[in-house]
Amino acid sequence: MSGASFSVIDRGRSILPRTFDQAGSSPTEPHQKARLAQLQLAARGRDAGGILELALTGDMAGRTAVVSSFGAESAVLLHLVATIDPNTPILFLNTGKLFGETLRYRDRLQDELGLGDIRSLAPGLEERLRLDPEGSLWSRDTDACCDFRKVIPLRRALEGFDAQITGRKRFQTNARAEMQAVEYFDGRFRFNPLAEWTLVDLEAYVDEHKLPRHPLVEDGYPSIGCMPCTRRIQSGEGYRAGRWAGLDKDECGIHGVDGEGI
Ligand code: SF4
């Protein structure tokens, strides 16, 4: 990837790079700039299914992967993707710190939607032993923990793809408020077919298609990540208040240097 450099959190402890420090979110090659403009133009006026057609068919067929946490809202995107091609690669970050409910929900969605190519990503054993031998790094340095459990494995997995699809929505965080349906990030195109969806839209879709819900949602978890870093929200709290509660952090870093993430 030309022009990329690393930012290292803590050289002394040999923590891996937190994020790739990109020159920006614009492609550098003229043909990539032209293709991005073409894709953004083609995405205008399309609904989520139409944007996914753009990402998964034609000259993008076989070149695009979906990134999914199998979290509270994941069923909507996965259902839409399965409608077009159930064998689309789904990249799932199995950090080793997830709720058992999330793993079972993944298995249920795999069966019910007929997903044929879910790829579980995780740091290797050597990395785990070297960087987090006791499995408690999350309690000391959440950024470093997210880096080696999420950011690095996802970056490796995406190397074979020209584009990724995310389920991010503009309403989720301030950093996502200006998100475009098609972007360029970290050397590849990024499609955000649900960018304009609201919680009401998501609920309506789940109801209409009778999709299974993540079991933790009704237990007070509207946004679900790793178990140590997710708690129930209290009445009146924000939608993502249960994620990294008490820390100045609301993103894991896998989607960008500008703070976008699952
Ligand atoms: S969300 Fe928490 S446990 Fe999961 S990778 Fe990030 S810091 Fe580690």
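Just so we're clear, the structure is a prediction, and the values are computed from it rather than from any experiment. Note that ligands are numbered from 1 as they come in the structure, with each ligand's atoms numbered from 1 the same way.
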> Do any pairs count as a ring-ring contact (aromatic ring centres under 6.0 Å, His included) and have a residue in residues 48-81, sequence neighbours left out, and if so which ones?
Replying inline: F70-F92, H79-Y205, H79-H209

>> Suppose we only count N/O/S atoms under 2.8 Å; would C226 qualify as near atom 4 (Fe) of ligand 1?
In response: yes

> For ligand 1, which atoms, with element, lie under 4.0 Å from some heavy atom of W138?
Replying inline: 3 (S), 7 (S), 8 (Fe)

> Looking at Y221, is R232 sitting on its ring face, NZ or CZ under 6.0 Å from the six-membered ring centre and within 45 degrees of the normal?
Replying inline: no

> Would C145 count as a contact for atom 8 (Fe) of ligand 1, in the sense that one of its N, O or S atoms lies under 2.8 Å from it?
Replying inline: yes

> At a 4.0 Å threshold, what atoms of ligand 1 neighbour a non-hydrogen atom of K150?
Replying inline: 1 (S), 5 (S)

> Pick one: which of Q164, K169, R168 meets side chain to side chain donor-acceptor pair (under 3.5 Å) with T166?
Replying inline: R168

>> Show me which atoms of ligand 1 lie under 4.0 Å from any heavy atom of K97.
In response: 3 (S)

>> I want to confirm something. Looking only at heavy atoms, which of T142, D141, L93, D147 is nearest to atom 7 (S) of ligand 1?
In response: T142

> Any ion pair linking R35 and D59 (charged N to carboxylate O, less than 4.0 Å)?
Replying inline: yes

> Which atoms of ligand 1 have any heavy atom of C229 under 4.0 Å away?
Replying inline: 1 (S), 2 (Fe), 3 (S), 7 (S)

Please tabulate, one pair per line, all N/O donor-acceptor pairs under 3.5 Å involving side-chain atoms of residues 39-48, not counting sequence neighbours.
residue : atom : partner : partner atom : Å
Q40     : NE2  : V182    : O            : 2.9
R46     : NE   : A42     : O            : 2.8
R46     : NH1  : G50     : O            : 2.9
D47     : OD1  : G49     : N            : 3.2
D47     : OD1  : G50     : N            : 2.8

> If you draw a 6.0 Å radius around CD in E126, do more than 12 non-hydrogen atoms from other residues or ligands fall strictly inside?
Replying inline: yes

